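Being a predicted model, the structure only gives us computed values, none of them experimental.
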Amino acid sequence: MRLTLHTDYAIRVLVYLGQNPGRRVSVHEISENHGISHNHLVKVVNRLSTNGVVDTRRGRAGGLELPRMPHEIVIGDIVRMMEADMLSMKACQPEYGQACVLADMCRLRHLLARSLTAFLDVLDQTTLHDLLPRKAA
């Protein structure tokens with residue numbers, strides 16, 4: 001499974017915020033830390049903010065923070081949010097007028113749909129907390 005850079009960046013933002021609880025973090029700080037284009041990161045943060053995954057504030061005391069605890073943020077939800085066309089192959093139904101690039105290989109189409117379901121099932125059992133580095137004791 002290949003995920004877009006927007007999904008990669010979204011997860012990086014969330015991990016960074018999870019590693020910095022209790023303080024607002026600027027997009028610039030995350031951009032510098034990860035070597036990511038500021039403009040790309042702004043687009044990702046905008047989508048995360050619009051969907052309530054991060055809280056944003058503008059101005060001098062502004063920045064980003066998590067509105068929930070890391071164990072409450074499910075990675076499967078983040079991937080679905082960022083990967084807009086991920087389910088297009090699974091939803092392909094030639095018998096109902098939806099064109100399918102794999103219409104002559106229906107067994108492959110169903111296998112890929114099952115694989116996608118299994119992939120998302122694993123991500124649905126994974127939270128942001130699971131992705132955060134463990135602190136040394």
Sequence neighbours excluded, every pair satisfying salt bridge (Lys or Arg N to Asp or Glu O under 4.0 Å) that has a member inside residues 115-131: Arg80-Asp124
Pair listing, salt bridge (Lys or Arg N to Asp or Glu O under 4.0 Å) test, anchored in residues 22-51, at least two apart: Arg23-Glu29, Arg24-Glu65
Leu14 side, atom CG; Ile78 side, atom CD1 - distance, nearest 0.5 Å: 5.0 Å
From NE2 (His6) to CG (Leu48), nearest 0.5 Å: 11.0 Å
side-chain contact (heavy atoms from CB on, under 4.5 Å) against Asn33, all qualifying residues, sequence neighbours excluded: Tyr16
Any Asn51 side-chain heavy atom under 4.5 Å of Asp77 side chain: no
Nearest non-hydrogen partners of Val74 and Leu123, listed with the distance: CG1-O, 3.8 Å
Residues forming a side-chain contact (heavy atoms from CB on, under 4.5 Å) with Thr7, sequence neighbours excluded: Leu3, Thr4, Ile11, Val79, Met82, Glu83
Partner set under side-chain contact (heavy atoms from CB on, under 4.5 Å) for Met69, not counting sequence neighbours: His71, Glu72
Approximate separation, where rounding is to 0.5 Å, of Thr117 OG1 and Leu112 CG: 10.5 Å
Pairs flagged by side-chain hydrogen bond (donor to acceptor under 3.5 Å, both in side chains) wherever residues 55-64 is involved - sequence neighbours left out: Ser49-Thr56
Validation row: Val13, Val25 side chains within 4.5 angstrom (heavy atoms): no
Listed partners of His40 passing side-chain hydrogen bond (donor to acceptor under 3.5 Å, both in side chains), at least two apart: Ser37
CG on Leu41 to CG on Leu5, rounded to 0.5 Å: 11.5 Å
